[in-house]
There are 2 protein chains.
Amino acid sequence: MAQGSAAHNIFDWTDRIPEGPLDPVLQALVRDIIGKVADKWTMLILEALEEHGTLRFTDVGRKVGDISQKMLTKTLRQMEADGLVERTVHPVIPPHVDYQLTEMGRSLGGAFCGVWLWAEAHHDQIEASRKAFAARQAEG
Amino acid sequence: MAQGSAAHNIFDWTDRIPEGPLDPVLQALVRDIIGKVADKWTMLILEALEEHGTLRFTDVGRKVGDISQKMLTKTLRQMEADGLVERTVHPVIPPHVDYQLTEMGRSLGGAFCGVWLWAEAHHDQIEASRKAFAARQAEG
DNA sequence: TTCGATACATACCCAAAGGAGAGTGAAGGT
DNA sequence: ACCTTCACTCTCCTTTGGGTATGTATCGAA
């Protein structure tokens with residue numbers, strides 16, 4: 001059975017009406033945003049800036065912890081492009097660059113807050129589930 | 001300058017007190033959960049199951065949209081291990097497998113709800129920011 | 001005169017993510 | 001005797017993520 005007969009999706013649903021009043025363009029846009037914004041480093045940097053206010057480059061790295069310089073630069077640039085952070089360059093030597101959340105960045109931080117709290121509240125339950133699942137796999 | 005002189009992190013902060021009363025173990029645990037749970041496919045599947053209740057394998061794929069069978073299987077398995085979804089196998093032929101959210105899965109869905117709303121509310125603003133950023137880069 | 005500080009850019013490399021397509025197995029329809 | 005269905009699994013293969021190392025500019029201090 002040739003599954004990928006259509007375009008690129010395995011499930012050929014072209015003969016069905018997907019939903020109804022859902023705008024596929026908006027759907028795609030939101031999905032794209034979710035994909036970029038629900039990134040590990042984005043979340044971590046967001047939290048660091050939310051907690052400490054304005055930080056300069058190396059300080060962001062220190063607050064986040066185990067992040068390489070490359071990913072720090074890359075993620076900060078992406079966040080700047082998306083309008084989540086504001087980058088302020090002071091033309092001095094040695095260079096001094098400040099990063100702070102924009103209004104939109106702060107609002108995203110608030111939206112993520114629920115996920116953080118959820119993770120803190122359920123991490124032991126997740127551990128338990130994983131162990132139970134592993135045990136099930138080992139037996140059956 | 002050899003940046004990676006310490007372990008694996010570029011920023012050598014071993015001579016500083018990191019924060020204070022923050023438990024590094026819990027910090028790591030939560031970070032791990034965030035990394036796995038704040039995954040694009042996890043979020044998408046979670047939303048599909050939240051919206052439609054119980055779905056079988058191919059239906060989850062259809063609701064999510066552009067997901068390959070491989071990632072669907074993988075993500076569903078991970079979610080099952082984490083205790084977010086319950087997998088029910090009906091031993092019939094052809095096979096019939098149902099997926100539904102657990103209580104914990106539903107609570108995570110609630111936590112993510114804020115992010116979805118945020119994405120829907122700010123996608124146009126993000127687009128504008130990206131265009132402005134690109135224009136700034138183009139000029140110099 | 002060389003060093004160190006700061007905020008990167010660039011290049012090289014490896015590992016993981018993820019897509020495409022084929023295969024599987026057993027029952028029921030034609 | 002064949003085809004179809006469903007929920008996968010398995011094997012390639014390409015793309016992306018991400019770490020490491022090094023370079024750069026400039027100024028003041030040692």
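Because the structure is predicted, anything quoted here is derived from the model rather than measured. The basis for the numbers below is simple: all heavy atoms, side chains too, and nothing from hydrogens, waters or symmetry mates.
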Between the protein and nucleotides 12-18 of chain D, which nitrogen or oxygen pairs are less than 3.5 angstrom apart?
{"residue": "dG17(D)", "atom": "OP2", "partner": "K74(A)", "partner atom": "NZ", "Å": "3.4"}
{"residue": "dG18(D)", "atom": "N7", "partner": "K70(A)", "partner atom": "NZ", "Å": "2.8"}
{"residue": "dG18(D)", "atom": "O6", "partner": "K70(A)", "partner atom": "NZ", "Å": "3.2"}

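In this structure the side chain of L44(B) reaches within 4.5 angstrom of the side chain of R31(A), judged on heavy atoms. In this structure, the side chains of L46(B) and M79(B) come closer than 4.5 Å at one or more pairs of heavy atoms.
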Using atom types as modelled, flag every donor-acceptor pair under 3.5 Å from a side chain in residues 105-114 of chain B to any protein atom, sequence neighbours excluded.
{"residue": "R106(B)", "atom": "NH1", "partner": "L101(B)", "partner atom": "O", "Å": "3.2"}
{"residue": "R106(B)", "atom": "NH2", "partner": "E103(B)", "partner atom": "OE1", "Å": "3.3"}
{"residue": "S107(B)", "atom": "OG", "partner": "W118(A)", "partner atom": "NE1", "Å": "2.7"}
{"residue": "S107(B)", "atom": "OG", "partner": "M104(B)", "partner atom": "O", "Å": "2.7"}

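R77(A) is linked by a salt bridge (charged side-chain N to carboxylate O under 4.0 Å, His left out) to E80(A), counting only residues two or more places apart in sequence or in another chain. Applying the salt bridge (charged side-chain N to carboxylate O under 4.0 Å, His left out) test to R56(A) and every residue at least two apart in sequence or in another chain returns nothing.
Between R130(A) and D82(B), at least one side-chain N (NZ, or NE/NH1/NH2) sits under 4.0 Å from a carboxylate O, which counts as a salt bridge.
The phosphate of dA7(D) has OP1 or OP2 within less than 4.0 Å of a side-chain N or O from T58(B). Phosphate proximity of dA7(C) to R56(A): present, with a side-chain N or O under 4.0 Å from OP1 or OP2.
Here the P atom of nucleotide dA7(C) and the CG atom of D59(A) are 8 Å apart, to the nearest Å. Atom CD of Q78(B) is separated from atom C1' of dG18(C) by 15 Å (rounded to the nearest Å).
In the helix from dT1(C)-dA30(D) to dT30(C)-dA1(D), the terminal helix axes, each the rotation mapping four pairs' C1' atoms onto the next four within five end pairs, subtend 30°, rounded to 10°.
Residues from residues 82-99 of chain B with heavy atoms under 4.0 angstrom of DNA chain C, sorted by number: I93(B), P95(B).
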